[in-house]
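I have placed the structure first, in the form of structure tokens, so that the comments after it can refer back to it.
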Amino acid sequence: MTALHDPGSHTAEVELRIDQATIVDPAEATATVRCILGPVRRGARFDRIGDSAEAIDLELTQILAYFGRSVDELDPVHTALVTLRGTGVQLLTSATPHSGWQAIRGTNPPP
């Protein structure tokens with residue numbers, strides 16, 4: 001059984017799709033995202049960008065949803081402005097008609 005479906009599991013795979021990304025500094029970015037697989041909780045760690053071999057290690061430190069309100073998690077199909085900190089922020093890109101939305105995948109923190 002996968003972690004996503006195991007209620008006793010401490011982590012679950014999550015995915016966000018990036019619409020707009022802004023690099024704030026070499027270790028921080030903000031992004032408008034849609035939750036595809038989740039819910040995604042604050043503290044989630046992302047280690048993959050789509051099918052890329054590039055290494056990232058990003059932590060979700062803030063979620064602003066529902067008209068700018070700070071929340072602890074984002075449910076699937078909802079959008080939010082998130083802050084990501086760590087290694088690989090420079091690899092985040094905004095969507096274009098040609099490229100589509102960039103996906104980042106990782107796991108939630110333990111409950």
Test item: [X] side-chain N/O and [Y] main-chain N/O as donor-acceptor pair under 3.5 Å:
| X | Y | result |
| --- | --- | --- |
| T30 | V82 | no |
| N108 | R41 | yes |
| D19 | T79 | no |
| E59 | R45 | no |

query = Listed by chain and number, what are the side-chain contact (heavy atoms from CB on, under 4.5 Å) partners of A55, not counting sequence neighbours?
reply =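 Residues passing side-chain contact (heavy atoms from CB on, under 4.5 Å) with A55: none at all.
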Residues forming a side-chain contact (heavy atoms from CB on, under 4.5 Å) with S99, sequence neighbours excluded =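 S99 satisfies side-chain contact (heavy atoms from CB on, under 4.5 Å) with T96 once adjacent residues are dropped.
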To the closest 0.5 Å, what do you measure between [atom1] ([X]) and [atom2] ([Y])?
| X | Y | atom1 | atom2 | value |
| --- | --- | --- | --- | --- |
| T61 | R85 | OG1 | CZ | 6.5 Å |
| W101 | T32 | CH2 | OG1 | 8.5 Å |
| L37 | R17 | CG | CZ | 10.0 Å |
| I63 | L16 | CD1 | CG | 8.0 Å |

Work out which heavy atom in [X] is nearest to a heavy atom in [Y]; give both atom names and the distance.
| X | Y | result |
| --- | --- | --- |
| G88 | I56 | CA-CG2, 3.9 Å |
| L84 | V89 | O-CG1, 3.9 Å |
| V40 | F46 | CG1-CZ, 4.0 Å |
| I18 | A31 | CG2-CB, 4.1 Å |
| A29 | I23 | CB-CD1, 4.0 Å |

inquiry  = My understanding is that only residues two or more places apart in sequence, or in another chain, count here; which of them pass salt bridge (charged side-chain N to carboxylate O under 4.0 Å, His left out) with R105?
reply    =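 Per chain and number, R105 pairs via salt bridge (charged side-chain N to carboxylate O under 4.0 Å, His left out) with E13, E15.
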key: salt bridge (charged side-chain N to carboxylate O under 4.0 Å, His left out) involving D25 - partner list, sequence neighbours excluded   =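 Scan of D25 (salt bridge (charged side-chain N to carboxylate O under 4.0 Å, His left out), adjacent residues dropped) gives none.
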Acceptor/donor pairs from residues 66-76 side chains to any protein atom, 3.5 angstrom cut, sequence neighbours excluded:
{"unit_1": "D72", "atom_1": "OD1", "unit_2": "R42", "atom_2": "NE", "d": "3.4"}
{"unit_1": "D72", "atom_1": "OD1", "unit_2": "R42", "atom_2": "NH2", "d": "2.3"}

ask   = Taking a hydrophobic cluster as the set of Ile, Leu, Val, Met, Phe, Trp and Tyr residues connected by side-chain heavy atoms closer than 4.5 Å, whether directly or through intermediates, do L60 and L91 fall within one such cluster?
value =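 Yes.
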query = Members other than L64 in its cluster, when Ile, Leu, Val, Met, Phe, Trp, Tyr link by side-chain heavy atoms under 4.5 Å?
reply =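 Other cluster members: L81.
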Min side-chain heavy-atom separation [X]-[Y] under 4.5 Å:
| X | Y | result |
| --- | --- | --- |
| R48 | I104 | no |
| H78 | C35 | no |
| I36 | R34 | yes |

